[in-house]
Each structure stands twice: as C-alpha cells, then as structure tokens.
*Asks:* 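The structure follows.
This one's a predicted model, so the numbers in the text were calculated from it and none came from an experiment. In the text below, chain A, chain B and the rest are named by the order of the sequence lines, each starting its count at 1.
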Protein chains: 2
Amino acid sequence: MERRAYDCAEGCPVESTLQFVSGKWKSVILYRLFQEQVGRYSDFERWLPTISARMLARQLRELVADGLLEKKIYAQVPPKTEYRLTPFGQSLWPVISAMEQWGRGYNLAHAKATSADVPAK
Amino acid sequence: MERRAYDCAEGCPVESTLQFVSGKWKSVILYRLFQEQVGRYSDFERWLPTISARMLARQLRELVADGLLEKKIYAQVPPKTEYRLTPFGQSLWPVISAMEQWGRGYNLAHAKATSADVPAK
DNA sequence: AGAGTTACTTACAAAAGTGTTAGTGACTCC
DNA sequence: GGAGTCACTAACACTTTTGTAAGTAACTCT
C-alpha cells in the first residue's frame, strides 16, 4: 500500500466520490441499474420496497442532475420514464462493485440466525 | 458484468457495506488511517480541519463500536490515545481504495479553475 | 362519464445530523 | 499555585434529511 501526501481538507479524492454516492439510496439505485441496465420509476419501487415515493423521486432527480443517470420520458399515457446509467455513471462501477463484494463477504460471515438457516435445534 | 438475482430489500450487500461506511466522515477517517496506520485524536483534527470536535469524537466512537478501529489509551498526562484499523477495518481497503481512485480521476478531469492554475488572462 | 393508469409533486411534521460554546480530569511545568 | 496540555463530553440550537398523506396531469378503457 503506497503512501503519498494528501490533503483531505481540499480535493480529497474520497470526499469527491462521496459527493456523488453518499446517501443511503444512491449507491443502491446505481447498484440496481448496474444489474438491470434500465429501470422505470415503478421498477425502483419494487426493487427498493422500503423507499418512499418522495425519496425515490428526489434521489433520481439528483442522480440525473449529477450526470450519473439519464432519463427518457415517453410522451404517452399513462406516462413512462426510463432511467439508465450514463457513461459517467458507469464509471462508478469499481466503487459500487467493491461495496457489493465486501457486503457479500460480510453477509456470509455474519449470516444472521433467521428462521431459514437455523435448524430447529 | 454478470447478472444475478439480488433482493435489495433484505440482505443487499451494498446496504450492508453502507451501514459501516456511510456518513461523510467515516470513509475519510478510514482513508486517512490507511495512509498513516496510526492516528491520535489531535492528528485527525489536523487532517480534517473542517470537522468539529463533537463529530470527530462521535465518528471515532462509532467506528470503534463497529469493530473497524481499535483505540489504545495510554494512562498518562496529558492523555494520549491512538486509533488504528483492526483487521476487520482493513478489510475495507478495496472499498476505500475504489473511492480514492475514482475521486482522483474525477478531480483530474474536473480540475477547478483556482487562482493557481488559471494564468491571469 | 367515471375509474384506472403512471410518475410524480406539495405541504406538513417528525427525526436525524451537525455546529457552537463551555467545561472536565489529572497531572506537569513555571 | 496557576496555567497549560490532551482528549474528550454535555447542553442547546439549528439545519438537513426523511416520512406521511394527499393531490395532479392527461389520456384510455368501460
């Protein structure tokens, strides 16, 4: 692991990344789009059942504003929108992937004693 | 990029990771420790000049509680404490590293026009 | 004409996060 | 014996984030 001099005060690379990815939902939304390529508003509601409509709309709006997602609106009724990753958004794959990997390992190691995986004594 | 079926509702690996790393300061603190190996409370104050004492203490406490950092208190006056990564904390290196890499690239691409790098017309 | 559809927005309220200021303990140095 | 040191903590206020509930637009289908 190499060592260099960084100044987290200004231009800290980790902070730059966090600027786009921080917030509970954003990385999960991105993660889902890496899997599915495309998602409609209602898809996200299904994929993230605990997010509220308000939050979902807001996070999507911010991701679009940040240039990570693009939104395609079909002029039809009932309305239809599609979200997908821009190339810029796709460039975050290493970050999201690292999170996924680590989380996978963590989940295995800390597999919770749920009704499913604990044999009834 | 392979595709598998995940359920972000329960046991989403990305969410598991976020649980430990989310929050503006935590990943930056970890990042710093990956560079420096050891840090005293006052070191962090220097490294992250914009964090408040209250936040710093709180984030460190949480990182210790989560098992990512260990805290060593020297019984001397004035007091001295040292924080370093536990093996569990070190296992997050791929995540922090990916963030650093991406942020580095982003900073290069979006190098802001500061007084330093803009010749005075 | 009334109900259904999708993708939202708005207003209000509760909860979480964060900053500011001041203070503590215990010992050493002047 | 008063000041200085370090690593914090407590109380209070404020701001940001998030949830809840309700509503909107516009067109199709019955």
*Asks:* Roughly how many Å is it from CD in B/E45 to P in D/dT5, rounded to a whole number?
*Replies:*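 Value for this atom pair: 13 Å.
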*Asks:* In plain terms, say whether A/D43 and A/R46 are close enough for a salt bridge, that is, a side-chain N and a carboxylate O under 4.0 Å apart.
*Replies:* yes
*Asks:* Roughly how many Å is it from CE in B/M55 to P in D/dA10, rounded to a whole number?
*Replies:*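 Rounded to the whole Å, the gap is 14 Å.
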*Asks:* Rounded to the nearest 0.5 Å, what's the gap from OG on A/S27 to CG on B/L18? Could you check?
*Replies:*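 The CG atom of B/L18 is 4.0 Å from OG of A/S27, to the nearest 0.5 Å.
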*Asks:* With sequence neighbours excluded, give me every salt bridge (Lys or Arg N to Asp or Glu O under 4.0 Å) pair touching residues 47-62 of chain B.
*Replies:* B/K26-B/E62, B/R58-B/E62
*Asks:* Calculate the interatomic distance between B/K80 atom NZ and D/dA7 atom C1'; express it in whole Å.
*Replies:*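 Atom-to-atom, B/K80 to D/dA7, this comes out as 13 Å.
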*Asks:* How many Å lie between CZ on B/R40 and P on D/dC6, as a whole number?
*Replies:*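 Taking atom P of D/dC6 as the reference, CZ of B/R40 is at 7 Å.
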*Asks:* Looking at residues 57-75 of chain B, who's got a heavy atom less than 4.0 Å off DNA chain C?
*Replies:* none
*Asks:* 5' to 3' on DNA chain C, which nucleotides open and close the contacts with chain B (atom under 4.0 Å from a heavy atom)?
*Replies:* C/dT18 to C/dC27
*Asks:* Strictly by side-chain hydrogen bond (donor to acceptor under 3.5 Å, both in side chains), give each pair with a member in residues 63-76 of chain A just once, sequence neighbours left out.
*Replies:* A/Y74-A/E82
*Asks:* Once rounded to the nearest 0.5 Å, what's the spacing between atom OG of A/S42 and atom CH2 of A/W47?
*Replies:* 9.0 Å
*Asks:* Heavy atoms under 4.0 Å, any strand shown: does B/Y83 hit a base, just sugar-phosphate, or nothing?
*Replies:* sugar-phosphate
*Asks:* Donor-acceptor pair, A/S16 side chain versus B/N107 backbone, under 3.5 Å?
*Replies:*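 A pair under 3.5 Å: no.
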*Asks:* For nucleotides 22-30 of chain D, read 5' to 3', which letter fits each nucleotide if B means a protein heavy atom sits under 4.0 Å from the base, S means only the sugar-phosphate is that close, and - means neither?
*Replies:* ----BB---
*Asks:* Considering only D/dC12, D/dC8, D/dC6, which nucleotide approaches the side chain of B/R54 most closely?
*Replies:*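 Per side-chain heavy atoms of B/R54, the pick is D/dC12.
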*Asks:* Would you say the side chain of A/T17 lies within less than 4.5 Å of the side chain of B/Y106, judging by non-hydrogen atoms?
*Replies:*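 Answer no - side chains too far apart.
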*Asks:* Which angle, rounded to 10°, do you find between the first-five-pair axis and the last-five-pair axis of the helix from C/dA1-D/dT30 to C/dC30-D/dG1?
*Replies:* 10°
*Asks:* Is the distance from OP1 or OP2 of D/dC8 to the nearest side-chain N or O of B/T81 less than 4.0 Å?
*Replies:* yes
*Asks:* For the residue pair A/W93 and A/F34, categorise the inter-ring angle as parallel (less than 30°), tilted (30 to 60°) or perpendicular (more than 60°).
*Replies:* tilted
*Asks:* By the definition side chain to side chain contact (heavy atoms under 4.5 Å, CB included), identify the one residue from A/I29, A/V21, A/L92 that meets it with A/L68.
*Replies:* A/L92
*Asks:* With rounding to the nearest 0.5 angstrom, report the CG to CD distance, A/L85 to A/E36.
*Replies:*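 One gets 11.5 Å once the value is rounded to the nearest 0.5 Å.
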*Asks:* Send over the distance from B/I51 CD1 to D/dC8 C1', rounded to a whole Å.
*Replies:* 14 Å
